[in-house]
*Asks:* 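Got a structure here, written out as structure tokens. Questions coming.
Below, chain A is the first sequence line, B the second, and so on; all start at residue 1.
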Number of protein chains: 2
Amino acid sequence: MSVAQAKIVIVDDHPLIIQGLTAMLQEHSQFVITASFTRGLEFMSYLREHAVDVVILDISLPDCNGMDICKEIKALAPQTRVIALTNHNERSLIMQMLQNGANGYLLKNASSEELLAGILQVLNGQLSFSKAIEEIITQPTVYERDPLPKLTRRELEVLKLIAAGETSLVIADQLCVSPLTIETHRRNLLQKFRVRNVAELIKISYQLGLLA
Amino acid sequence: MSVAQAKIVIVDDHPLIIQGLTAMLQEHSQFVITASFTRGLEFMSYLREHAVDVVILDISLPDCNGMDICKEIKALAPQTRVIALTNHNERSLIMQMLQNGANGYLLKNASSEELLAGILQVLNGQLSFSKAIEEIITQPTVYERDPLPKLTRRELEVLKLIAAGETSLVIADQLCVSPLTIETHRRNLLQKFRVRNVAELIKISYQLGLLA
DNA sequence: TGAGAAATACCAGAAAACCAGTAGAAATAA
DNA sequence: TTATTTCTACTGGTTTTCTGGTATTTCTCA
């Protein structure tokens, strides 16, 4: 990895971002971009055939979620370094990515120096974070929120209907269950997210990227 | 504008996007990128001193809102074409930008061909939209939602506290007014957004970028 | 300076959400 | 095949929001 060029792959659904990264990395001969993808699944099948040193990975992809992709990458090719590149700066998301084995977490509004330094760091076996991310991590955080709650299929379904403005009664009707059941799901949602009412629930769900 | 190079300026808080656009446009000699900014206000003072043919403008900027910037550009330099470049695809946002005089509306996940074609179109005096945007516009819209409601300062303040999960009583306390007043603001918010309850309110506010 | 917008405030009743506790059936994982 | 989780459903009571009115004072800007 020290003499040869480092093989880098970009996975991002924004062609502009790919182009920007490519332009940036081209100027540095120690890197070579061997491929880029706008879909996570296409990348995964590529990874099965090719060696990759660093993956620069968008968390929010159209066809699948970057978090899971990260985990799969680490299962399939543990030596491949993963750098998350995203706009999301929710603490729980970051922690989850680290949990899943990410080597770095950079924000899309990072400067090219930051990006470059980040890639070099993970190649060196170190972790790498945007300044803003570092602050969020080290922050003892009054805002401490535990690892992104795992919702059941039904709960997610109910959550979306709540966000759509439907009342428990209507939701019950739509899902063909008792309104009391919906009330229970509702309560469990509030509990899992540790919030006090739907307003907060919807806000957090958005911040965590569970909705839209 | 036909013989000379078209002067293009990019305003986007993501260096990567700027780099991507720059790389893309460099290959075409009919364009020249004369400047790029990560802040709207800096750009505005630049515009007072320099001629610009096309501004590629991110709607969500750190220091100010791209919507207003668009209006100001059109007031200051009506011959300058404005292309909105953003991730938001809410109908009301698009309409608002058009209202404010934008010449084009492209999505950040657009392909380079789409971007290039878009710039050429607005230079020709035509309007230009991403395919997805065109669909949203022409859609007879079951989803019709009128121009992004204008909130008063107080309403926005209340909205944020609602999103934070505070009850009317607590909000009233915090703002040192009667709970009944908050109820009124609340009602006006629901009315302005044409929604039925806070869940929907918060969802839409997020989609419109009013929160976080 | 005068009109319209914004912020304030009230009443009263209906609807919906929230809280606490319990529990059986069904699906899924160990 | 247990064990655990998920989905379902209930009782009963409290709090909060939502609806539909009305109305005064203070800004704001044309």
*Asks:* Look at A/Glu200 together with A/Lys203 and state whether they make a salt bridge at an N to O cut-off of under 4.0 Å.
*Replies:*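 Salt bridge between A/Glu200 and A/Lys203, a charged N being under 4.0 Å from a carboxylate O: no.
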*Asks:* For a quick test of reading the model: is some side-chain N or O of B/Ser168 closer than 4.0 Å to OP1 or OP2 of D/dT17?
*Replies:*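 For B/Ser168, the contact criterion (side-chain N or O under 4.0 Å from OP1 or OP2 of D/dT17) is met.
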*Asks:* Looking at A/Glu157 and A/Arg154, does any basic side-chain N land under 4.0 Å from a carboxylate oxygen?
*Replies:*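 Yes, this pair counts.
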*Asks:* Below 3.5 Å is the cut-off: list the nitrogen or oxygen pairs between protein and nucleotides 21-26 of chain C, distance only.
*Replies:*
residue	atom	partner	partner atom	Å
C/dG21	N7	A/Arg187	NH1	3.2
C/dG21	O6	A/Arg187	NH2	2.8

*Asks:* Taking CG from B/Asn188 and C1' from C/dT8, how many angstroms apart are they, rounded to a whole number?
*Replies:*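 It works out to 11 Å between those atoms.
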*Asks:* State, yes or no, whether a side-chain contact exists between A/Phe37 and A/Asp58 at a heavy-atom distance under 4.5 Å.
*Replies:*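 Counting from C-beta outward, A/Phe37 and A/Asp58 never come under 4.5 Å.
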*Asks:* Name every residue in residues 171-180 of chain B that has at least one heavy atom under 4.0 Å from any atom of DNA chain D, in order of residue number, or write none if there are no such residues.
*Replies:*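 Of all residues in residues 171-180 of chain B, none places a heavy atom under 4.0 Å from DNA chain D.
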*Asks:* What is the distance from CG of A/Leu201 to P of C/dC19, rounded to the nearest Å?
*Replies:*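 Answer to the nearest Å: 12 Å.
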*Asks:* Once you round it to whole Å, what is the distance between C1' of C/dA5 and CZ of B/Arg153?
*Replies:*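 My rounded result for the distance is 12 Å.
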*Asks:* Would you mind reading off the distance between A/Glu157 atom CD and D/dT8 atom C1', rounded to a whole angstrom?
*Replies:*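 In whole Å, D/dT8 C1' and A/Glu157 CD are 14 Å from each other.
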*Asks:* Between A/Asn103 and A/Val82, is there a donor-acceptor pair closer than 3.5 Å when you use the side chain of the first and the backbone of the second?
*Replies:*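 Present.
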*Asks:* So do the side chains of A/Ile162 and A/Leu189 get within less than 4.5 Å of each other, counting heavy atoms only?
*Replies:*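 With C-beta onward as the side chain, the pair touches.
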*Asks:* How do A/Thr167 and B/Glu155 order along DNA chain C: which one's closest nucleotide is nearer the 5' end?
*Replies:*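 Closest to the 5' end, via its nearest nucleotide, is B/Glu155.
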*Asks:* How many Å lie between CG on B/Leu169 and P on D/dT15, as a whole number?
*Replies:*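 So the two atoms are 11 Å apart, to the nearest Å.
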*Asks:* Can you tell me if A/Thr80 uses its side chain to pair, donor with acceptor, with the backbone of A/Val52 under 3.5 Å?
*Replies:*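 Yes: the side chain of A/Thr80 pairs with the backbone of A/Val52.
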*Asks:* Applying salt bridge (charged side-chain N to carboxylate O under 4.0 Å, His left out), which residue pairs with at least one partner in residues 160-180 of chain A are found, sequence neighbours left out?
*Replies:*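 Sorted pair list: A/Glu166-B/Arg196.
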*Asks:* To the nearest Å, give me how far apart CZ (A/Arg186) and C1' (D/dT16) are.
*Replies:*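 Atom CZ in A/Arg186 sits about 12 Å away from atom C1' in D/dT16.
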*Asks:* Could you state the NZ-C1' distance from A/Lys150 to D/dT5, rounded to the nearest angstrom?
*Replies:*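 Value for this atom pair: 13 Å.
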*Asks:* Rounded to the nearest angstrom, tell me the gap between atom CD in B/Glu183 and atom C1' in D/dG21.
*Replies:*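 Atom CD in B/Glu183 sits about 14 Å away from atom C1' in D/dG21.
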